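First the structure, in the form of structure tokens, and then the observations on it.
Just so we're clear, the structure is a prediction, and the values are computed from it rather than from any experiment.
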Amino acid sequence: MFFQDYRNRINAEEGIQFPSNSYRQMVLQPAYNEARQHFLEAMVQIHIAHLKMLEEQKLVTSEEARQIGQALKKLDLDYYKTHDYSPQFEDLFFRIENKLIELGGDISGNLHIGRSRNDMGIAIYRMTLRKKMLTLMQELLHLRSTLIAFAEEHVKTIMIGYTHTQQAQPTTFAHYLKAVIDQLTRDFKRMQAAYTTINRSSMGAAALTTTGFPINRERMQELLAFDELIENAWDAVAGADYIAEAASVVQLAALNLGRTSQDFLLWATQEFNAFQLAIPYVQVSSIMPQKRNPVSIEHTRSLLSAVVGDTGTVLQMIHNTPFGDIVDTEDDMQPYLWRAIDRLVGIYKLFGSLIVTMNVNKDSLLKRAQNSFATVTELADTLVRSERISFRQAHKIVSLCVNELVANKEESLASLKWQLANEKALHVTGSPLKITEISFYQALQPEYFVKVRTLKGGPAPQTMRTSLVEAGKASAQLEQWLTQKSQAILQAEEQLEKILQRWDEHV
């Protein structure tokens with residue numbers, strides 16, 4: 001087959017007018033489907049705000065604004081949400097613009113004075129993303145509050161803490177949960193910072209260099225409930241770091257919760273026996289009647305990995321993208337971030353539900369702590385205080401005791417006697433122990449280990465209660481910030497609807 005034959009075949013399959021069949025299927029159709037699902041309301045809100053600003057700046061007359069406004073009012077958004085892509089129009093913007101001209105006449109074309117699809121598209125992306133971020137942050141706060149309430153029930157639930165996957169020291173379940181709560185708080189604050197970056201107005205940047213028309217960029221910022229203005233017009237249409245920042249903080253939040261879900265999956269094993277999941281969160285085996293498979297935690301873990309993957313895709317798509325108009329690239333990358341956010345919203349809800357409904361095996365966890373070597377740190381600390389020796393000497397005494405117990409096949413400090421410790425003390429320091437046997441055996445108890453760790457950040461019950469109360473107080477502040485941002489958007493949308501209604505009332 002000759003070259004011309006190949007060309008003729010491709011032309012026959014793809015067509016000779018824009019768009020080609022493959023470009024439509026791979027790019028335009030998917031982008032249109034995402035746009036009609038996510039962008040319609042934001043697009044119309046920008047139309048209303050821009051028209052109001054043009055009228056105030058006297059770039060269109062009041063009569064022209066009324067005529068265009070009535071055309072906007074007549075738009076049937078449900079039609080565009082349900083009707084498929086048409087090759088007659090490159091994208092949703094041109095389809096809507098064509099309809100507005102049909103409804104309002106040629107004067108409707110003046111709605112595009114002083115703007116471009118570039119600054120408008122970026123504003124739409126930011127308006128869509130800010131709502132999704134607020135939804136995610138609301139669900140994060142709900143999970144955080146759930147964990148606070150759950151932790152309050154377990155300030156005395158003794159368990160072993162692990163380092164290097166090995167038994168380390170006694171602590172409490174509440175102490176572990178508070179660490180997760182604090183991590184969620186940091187996730188929220190990172191999302192707050194990302195929201196600040198996102199919620200900035202690109203309107204007025206036009207294609208790249210602003211416009212010669214005397215538009216009011218600050219008025220557009222106000223009408224659309226943006227907190228700030230992106231000053232530099234090039235930055236407004238080229239800067240993609242707002243989506244990269246959002247992807248990064250969502251990815252980190254998924255990584256953080258993923259580590260916790262990994263712990264919970266281990267603790268759900270019969271060997272560990274830390275808790276029992278409620279019936280709605282387990283599945284049985286098709287062949288093994290005894291199985292209670294913790295599928296809710298398994299899917300939490302794998303879906304968090306999917307969030308990490310989707311946000312990673314966003315960052316990879318930004319990589320090496322020229323510093324120019326980013327709109328077309330964002331058509332491809334935004335859905336990955338939306339999917340990641342939507343998944344994380346669902347994961348937060350699922351994880352909070354399975355946590356608050358589980359039954360913690362307190363006795364099992366306590367016995368494991370009692371039948372271990374996990375309290376030896378406190379024994380060494382106690383010897384420092386009672387014997388007036390260095391920590392290294394105390395560490396040596398305790399280490400010799402543990403080594404002998406292990407050599408004798410003993411598996412916990414329950415077998416450690418005062419007499420053995422006294423023998424090792426004589427060997428290390430040349431002096432007998434001054435500590436009483438009562439104090440000695442008290443130092444071996446995990447409850448005592450936890451009780452004396454009253455420093456800020458420690459697991460002692462009263463310390464933990466105080467810490468959880470402070471976390472609860474912080475919740476009110478975080479909720480207040482979230483409410484303020486959500487209400488600002490809602491009030492702006494209501495104002496835009498009133499503006500549109502006033503134009504319609506002049507009929």
Side-chain angles (χ1 to χ4, degrees), residues 147 150-183 256-277 294 297 301 354-355 358-383 391 394-395 397-399 401-417 421 440-465 467-468:
L147 291 179
F150 190 63
E152 288 170 347
E153 296 294 311
H154 293 286
V155 293
K156 292 185 177 181
T157 302
I158 304 290
M159 63 180 286
I160 295 177
Y162 289 75
T163 61
H164 302 280
T165 70
Q166 302 299 302
Q167 293 182 351
Q169 296 179 333
T171 184
T172 65
F173 199 15
H175 191 226
Y176 176 91
L177 292 169
K178 182 54 168 53
V180 178
I181 291 164
D182 289 349
Q183 188 169 255
N256 285 339
L257 190 59
R259 298 177 67 198
T260 303
S261 67
Q262 182 69 13
D263 284 345
F264 275 70
L265 193 58
L266 174 64
W267 297 347
T269 60
Q270 289 166 295
E271 288 77 9
F272 203 98
N273 194 32
F275 55 77
Q276 186 178 54
L277 289 176
I297 305 178
R301 181 182 62 171
L354 69 88
I355 289 285
M358 68 169 53
N359 291 318
V360 177
N361 298 327
K362 298 180 181 181
D363 292 340
S364 176
L365 291 173
L366 176 59
K367 288 177 182 177
R368 183 173 293 115
Q370 291 170 334
N371 298 320
S372 73
F373 293 106
T375 58
V376 292
T377 303
E378 182 53 38
L379 177 57
D381 290 347
T382 299
L383 292 180
F391 179 78
H395 187 281
I397 293 169
V398 174
S399 180
C401 291
V402 172
N403 288 341
E404 185 161 322
L405 291 176
V406 171
N408 292 330
K409 310 288 187 194
E410 302 291 347
E411 296 182 351
S412 75
L413 285 182
S415 303
L416 178 59
K417 303 302 181 184
F440 176 84
Y441 289 118
Q442 176 182 254
L444 302 182
Q445 301 306 310
E447 296 93 334
Y448 180 78
F449 186 105
V450 169
K451 179 182 177 181
V452 299
R453 276 155 172 77
T454 58
L455 282 176
K456 189 177 184 68
Q462 190 53 50
T463 301
M464 281 309 310
R465 289 192 183 97
S467 181
L468 291 169

Which atom pair, heavy atoms only, marks the closest approach of Ala421 to Ile397?
O-CG2, 3.9 Å
Got a sec, which residues hit side-chain contact (heavy atoms from CB on, under 4.5 Å) with Asn361, two or more places apart in sequence or on another chain?
Asn273, Ser364
Donor-acceptor under 3.5 Å (Ser467 side chain, Met464 main chain)
no
Rounded to the nearest 0.5 Å, the CD atom of Gln270 sits from the CD atom of Gln276 at a distance of 10.0 Å
Applying salt bridge (Lys or Arg N to Asp or Glu O under 4.0 Å), can you list everything that pairs with Glu153, at least two apart in sequence or on another chain?
none
Taken in chain and number order and not counting sequence neighbours, the residues that satisfy side chain to side chain donor-acceptor pair (under 3.5 Å) with Arg368 are none
Determine, stepwise, if the pair Phe440 / Thr382 fulfils side chain to side chain contact (heavy atoms under 4.5 Å, CB included).
CA-CA 8 Å; Phe440 176 84; Thr382 299; over 6 Å; no
Do His175 and Val450 make a side-chain contact, defined as non-hydrogen atoms from C-beta onward lying under 4.5 Å apart?
no
Taking the side chain as C-beta and beyond, is there a heavy-atom pair between Leu416 and Leu379 under 4.5 Å?
yes
Taking side-chain contact (heavy atoms from CB on, under 4.5 Å) as the test, write out the residues that go with Arg465, two or more places apart.
Val155, Lys156, Pro461, Gln462
With sequence neighbours left out, the residues meeting side-chain contact (heavy atoms from CB on, under 4.5 Å) with Asn371 are Lys367, Ser412
Taking the side chain as everything from C-beta on, heavy atoms only, tell me whether Asp381 gets closer than 4.5 Å to Val452.
no
Would you give the length of the straight line joining atom CD of Gln370 to atom CG of Leu444, rounded to the nearest 0.5 angstrom?
11.5 Å
Does any part of the side chain of Phe449, heavy atoms only, come nearer than 4.5 Å to the side chain of Gln169, both counted from C-beta?
yes
Assess the residue pair Val360 and Met159 against the criterion (side chain to side chain contact (heavy atoms under 4.5 Å, CB included)); give the C-alpha distance rounded to whole Å, side-chain angles, the decisive distance to 0.1 Å, and a yes or no.
CA-CA 11 Å; Val360 177; Met159 63 180 286; over 6 Å; no
Indicate the atoms forming the closest heavy-atom contact of Ala174 with Ala151, along with that distance.
CB-O, 3.3 Å
So, are Asp263 and Arg259 salt-bridged, with charged N and O less than 4.0 Å apart?
no
Using a 3.5 Å distance criterion without hydrogens, assess whether the side chain of Thr463 forms a donor-acceptor pair with backbone atoms of Pro459.
no
Restricting to non-hydrogen atoms, name the atom on Leu383 and the atom on Ala394 that form the minimum distance, rounded to 0.1 Å.
CB-CB, 4.0 Å
Inter-residue atom distance Thr377.OG1 - His395.NE2, 0.5 Å rounding:
7.5 Å
Residues which pass ring pair (Phe, Tyr, Trp, His ring centres under 6.0 Å) with Phe264, listed by chain and number, not counting sequence neighbours
Trp267, Phe275, Phe351
For residues 165-174, the salt bridge (charged side-chain N to carboxylate O under 4.0 Å, His left out) pairs (sequence neighbours left out) are none
Side chain to side chain donor-acceptor pair (under 3.5 Å) against Asp363, all qualifying residues, sequence neighbours excluded
none
Hey, mind stepping through Thr171 and Tyr162 against side chain to side chain contact (heavy atoms under 4.5 Å, CB included) and telling me if it holds?
CA-CA 10 Å; Thr171 184; Tyr162 289 75; over 6 Å; no
According to side chain to side chain donor-acceptor pair (under 3.5 Å), who are the partners of Thr157, at least two apart in sequence or on a separate chain?
His154
Considering residues at least two apart in sequence or located in another chain, which fulfil the salt bridge (Lys or Arg N to Asp or Glu O under 4.0 Å) criterion with Lys451?
none
Mind checking side chain to side chain donor-acceptor pair (under 3.5 Å) for Thr454 and listing every partner two or more places apart, or none if nothing turns up?
none
Kindly compute the distance separating OG (Ser261) from CG (Leu266), expressed to the nearest 0.5 Å.
11.5 Å
Set out, in order, the CA-CA distance, both residues' side-chain angles and the distance that settles side chain to side chain contact (heavy atoms under 4.5 Å, CB included) for Lys417 and Tyr441, then state yes or no.
CA-CA 8 Å; Lys417 303 302 181 184; Tyr441 289 118; 3.9 Å; yes
Heavy-atom closest pair, residues Ile160 and Ala168
CG2-N, 3.9 Å
Not counting sequence neighbours, which residues clear side-chain contact (heavy atoms from CB on, under 4.5 Å) with Gln445? List them please.
Glu447, Tyr448
Beyond-backbone contact of Leu468 with Leu177, side-chain heavy atoms, under 4.5 angstrom:
no
